[in-house]
Amino acid sequence: MATTQTTTDARDIVEPSSEDTEFVFFSGKGGVGKSTVSCATATWLADNDYDTLLVTTDPAPNLSDIFGQQIGHEVTPIEDVDNLSAIEIDPDAAAEAYRQETIEPMRQLLDDEQIKAVEEQLNSPCVEEIAAFDNFVDFMDSPEYDVVVFDTAPTGHTIRLMELPSDWNAELEKGGSTCIGPAASMDDRKADYERAIDTLQDDERTAFAFVGKPEDSSIDEIERSASDLGELGIESQLLIINGYLPESVCEDPFFEGKRADEQAVIERAREEFDADATATYPLQPGEIAGLDLLADVGSVLYDGAEATVEVGAATDVDTDGTVDFDAMADAGAVVDQLTPGEDTQYLFFTGKGGVGKSTIASTAATKLAEAGHETLVVTTDPAAHLEDIFGEPVGHEPTSVGQENLDAARIDQEKALAEYREQVLAHVTELYEDKEDTQVDVDAAIANVEEELESPCAEEMAALEKFVSYFDEDGYDVVVFDTAPTGHTLRLLELPSDWKGFMDLGSLTKGAAPAKGDQYDEVIETMKDPEQSTFAFVMYPEYTPMMEAYRAAADLEDQVGIETSLVVANYLLPEEYGHNAFFTNRRAQQAQYLDEIRDRFDAPLMLAPLRQDEPIGLDELRAFGGAISGLAEIAETERSEVTLS
């Protein structure tokens with residue numbers, strides 16, 4: 001439990017202190033309870049007589065489920081809570097509205113070819129982020145509310161997009177472009193964006209809170225995000241650690257050990273994270289929904305109350321107390337997806353932060369190498385903790401990690417970006433030098449491109465450049481990627497390849513050399529080929545991780561043509577531990593979501609159990625692989641094939 005002083009500090013942070021509308025932003029990865037905490041905070045504020053608006057831009061919104069009523073894309077009063085309204089902004093509708101608002105004023109000024117070019121650029125994934133930010137801006141001018149609570153805050157990535165270009169007028173005069181559209185289309189919103197960023201940087205009017213789980217990886221990710229925001233002048237004021245195991249339900253060594261580890265993480269977060277306050281809330285036997293549980297969350301976080309955990313509550317799910325998880329897996333189909341044929345097999349493990357994808361990817365690579373396949377595992381994750389998992393150095397180029405047939409590599413984003421900058425700037429110079437008939441000011445063009453290279457999109461493109469290079473690695477039967485490129489990243493390659501008068505990242509990258517564009521096309525075709533590539537989404541069986549993975553999978557298929565071929569459900573509660581009503585409820589809930597995952601994803605299911613500790617080192621990775629359906633059978637399958645031959 002949080003101390004009285006900590007919870008008092010948390011209250012001071014979220015409670016309005018002036019007559020101006022104040023703003024509370026909650027940030028955190030999917031599945032950490034961010035929406036629950038946002039809803040509880042908004043309800044607590046409303047119950048304390050503040051006129052409150054709750055806004056979510058989460059692509060997998062569950063406010064309707066939490067409050068038990070339909071909300072949707074319009075501001076809706078919350079039933080039985082005076083002073084509280086909510087809205088779930090549809091990100092697709094917001095992006096389409098932004099595109100139309102941008103294009104309409106240009107139709108009288110540009111010809112059909114130019115309009116087509118603008119429409120092409122507005123398919124950039126960055127447009128979705130600026131459209132979401134547009135909605136933030138609109139609701140940050142809401143004098144009828146005392147406080148506006150945002151579930152899903154704009155990231156440092158998004159805010160950096162808003163700072164491009166820094167010299168709006170100069171860019172406008174050049175008729176230039178950024179990765180979020182023509183500069184002219186954004187000029188009318190310039191003052192609004194600047195005012196919104198000023199408000200975000202004003203800690204008298206804005207409170208910024210992170211929500212995370214009591215896990216080292218979750219806290220590490222929060223620290224990186226907070227540092228990114230801090231560089232932009234936005235200070236993190238509150239950390240809420242959600243979902244720690246209640247002491248009263250941990251009745252065996254397995255869960256006693258898990259709880260001890262969680263408490264150590266909480267203590268570390270209190271000491272290391274630079275926030276004004278830290279508050280905690282325990283795991284419940286089921287999902288938090290309804291006003292009573294929301295009131296409990298709010299009172300614990302902001303009033304210093306003791307949490308109510310109904311340990312002995314009967315499950316509302318049809319179960320006799322046992323769940324046969326193994327019956328839900330298809331080990332043979334998983335083996336087929338992971339095992340290479342004659343050509344190199346590419347395995348992509350992707351998913352939101354905190355779902356254990358690096359551990360799953362490393363374990364899969366270890367088992368494939370153990371089965372005799374020459375294997376390379378590559379991470380594009382900025383957390384880059386393959387070194388921690390293997391207990392061996394992992395650098396920018398492939399190196400052995402101590403097991404026969406197994407190498408690892410980590411894409412160093414700083415090195416990749418430096419290489420990419422050098423390549424793009426050299427291309428711009430070569431493109432225009434010695435061309436007497438050009439009307440382009442070469443110095444101005446280079447200055448424009450240098451500014452574009454400060455965009456977060458440039459970092460993605462640089463990582464993608466290095467990522468593409470691993471498709472040329474010879475001598476490997478399998479290449480395992482920890483963190484696959486998203487539809488967002490791959491769609492950057494679809495920006496117009498020949499847009500006269502504009503200097504955008506997509507055209508520069510694809511136009512850097514004819515062979516480079518062909519190489520991108522070949523790599524994407526390889527990723528689309530289910531005979532050569534397997535895309536696996538890692539999640540744990542709860543609503544938000546499932547829906548975020550489902551949406552990302554749909555985006556990959558709709559926008560890039562890549563189908564999901566494997567689903568990994570991680571952190572399944574082991575049957576041999578936790579024999580009480582609390583864990584019976586949790587297992588039944590996991591079983592429900594596994595059924596829903598199987599319904600939503602037309603792909604084999606690989607199941608991984610919750611461990612007391614994350615596997616570290618090759619011995620533990622091999623042992624963990626033996627407990628994962630599909631991975632456990634890989635070495636056995638290989639041995640059988642050798643015997644038959």
Side-chain angles (χ1 to χ4, degrees), residues 215-217 220-221 334-335 337-340 344-351 353-416 463 466-485 533-534 536 538 566 568 570 606 608 611 613-628 630-639:
E215 300 165 357
D216 281 318
S217 60
D220 290 343
E221 215 159 310
V334 171
V335 171
Q337 290 292 339
L338 299 180
T339 305
T344 301
Q345 184 78 12
Y346 299 97
L347 308 180
F348 303 89
F349 288 93
T350 189
V355 297
K357 61 183 175 296
S358 295
T359 298
I360 295 294
S362 300
T363 304
T366 301
K367 296 301 286 185
L368 285 161
E370 187 182 11
H373 304 294
E374 289 289 342
T375 304
L376 170 65
V377 57
V378 179
T379 185
T380 60
D381 193 327
H385 55 278
L386 287 191
E387 285 193 2
D388 298 332
I389 293 173
F390 286 112
E392 296 282 344
V394 176
H396 198 51
E397 303 299 333
T399 54
S400 173
V401 287
Q403 175 169 312
E404 187 179 1
N405 307 321
L406 181 59
D407 292 344
R410 174 180 70 87
I411 293 178
D412 184 314
Q413 289 192 317
E414 289 186 6
K415 290 181 180 178
K466 190 63 180 177
F467 167 85
V468 165
S469 74
Y470 287 109
F471 283 78
D472 292 331
E473 289 286 348
D474 295 325
Y476 293 106
D477 302 317
V478 185
V479 180
V480 179
F481 290 99
D482 165 30
T483 307
S533 297
T534 294
V538 184
L566 186 65
V568 184
N570 199 10
M606 186 166 95
R611 285 174 49 99
D613 303 301
E614 289 294 311
I616 300 296
L618 291 168
D619 289 342
E620 290 190 24
L621 288 169
R622 294 186 196 106
F624 185 42
I628 299 176
L631 292 186
E633 289 78 11
I634 284 180
E636 191 63 40
T637 301
E638 189 70 16
R639 280 193 291 271

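Under the 4.5 Å side-chain criterion, counting only non-hydrogen atoms from C-beta, Lys367 is not in contact with Leu338. Side-chain atoms of Ile628 and Val568, non-hydrogen and from C-beta on, never get closer than 4.5 Å to each other. The closest side-chain heavy-atom distance from Leu347 to Leu368 is below 4.5 Å. In this structure, Thr399 and Pro393 have side chains that are not in contact, with every pair of non-hydrogen atoms separated by 4.5 Å or more. For the pair Asn570 and Val355, the minimum side-chain heavy-atom distance is 4.5 Å or more.
With sequence neighbours excluded, the residues that form a side chain to side chain donor-acceptor pair (under 3.5 Å) with Glu620 are Arg611. Scanning for side chain to side chain contact (heavy atoms under 4.5 Å, CB included) contacts around Ala361 gives Phe349, Val480, Asp482, with sequence neighbours left out. Ser217 meets the side chain to side chain contact (heavy atoms under 4.5 Å, CB included) test with Glu215; sequence neighbours excluded. Tyr346 meets the ring pair (Phe, Tyr, Trp, His ring centres under 6.0 Å) test with Phe471; sequence neighbours excluded. With sequence neighbours left out, the side chain to side chain contact (heavy atoms under 4.5 Å, CB included) criterion links Arg622 to Thr366, Glu370, Gln403, Leu618, Asp619. A search for side chain to side chain donor-acceptor pair (under 3.5 Å) contacts involving Asp407 returns Tyr476, not counting sequence neighbours. Residues satisfying the salt bridge (Lys or Arg N to Asp or Glu O under 4.0 Å) test with Glu392, not counting sequence neighbours, are none. Remark: Glu397 pairs with Lys466 by the salt bridge (Lys or Arg N to Asp or Glu O under 4.0 Å) rule, at least two apart or across chains. When the side chain to side chain donor-acceptor pair (under 3.5 Å) test is applied to Thr534, the partners found at least two apart in sequence or on another chain are Gln337, Gln345.
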Between Glu614 and Asp216, does a side-chain contact (heavy atoms from CB on, under 4.5 Å) hold up when you go through it step by step? CA-CA 10 Å; Glu614 289 294 311; Asp216 281 318; over 6 Å; no

Chi angles and distances behind the side-chain contact (heavy atoms from CB on, under 4.5 Å) call for Thr350, Phe481: CA-CA 8 Å; Thr350 189; Phe481 290 99; over 6 Å; no

Quick one: do Val334 and Glu633 satisfy side-chain contact (heavy atoms from CB on, under 4.5 Å)? Show the steps, please. CA-CA 9 Å; Val334 171; Glu633 289 78 11; over 6 Å; no

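The shortest non-hydrogen separation linking Ala416 to Ile411 is CB-CG2, 4.3 Å. Of all heavy-atom pairs between Ala632 and Gly626, the closest is CB-O, 3.3 Å. Pro340 and Val478 get closest at one heavy-atom pair: CG-CG2, 3.6 Å. Minimum interatomic distance between Pro615 and Thr359 (heavy atoms only, all atoms of both residues): CG-CG2, 3.5 Å. Considering every non-hydrogen atom in both Ala371 and Ile634, the closest pair reads CB-CG2, 3.7 Å.
To the nearest 0.5 Å, atom CG of residue Leu386 and atom OG of residue Ser362 are 4.5 Å apart. One distance of note links CD1 of Ile616 with CG of Leu621; it measures 7.5 Å at 0.5 Å rounding.
At distances below 3.5 Å, at least one donor-acceptor pair connects side-chain atoms of His396 with backbone N or O atoms of Asp412. Of the possible polar contacts, none joining the Asn405 side chain to the Thr375 backbone as a donor-acceptor pair under 3.5 Å is found.
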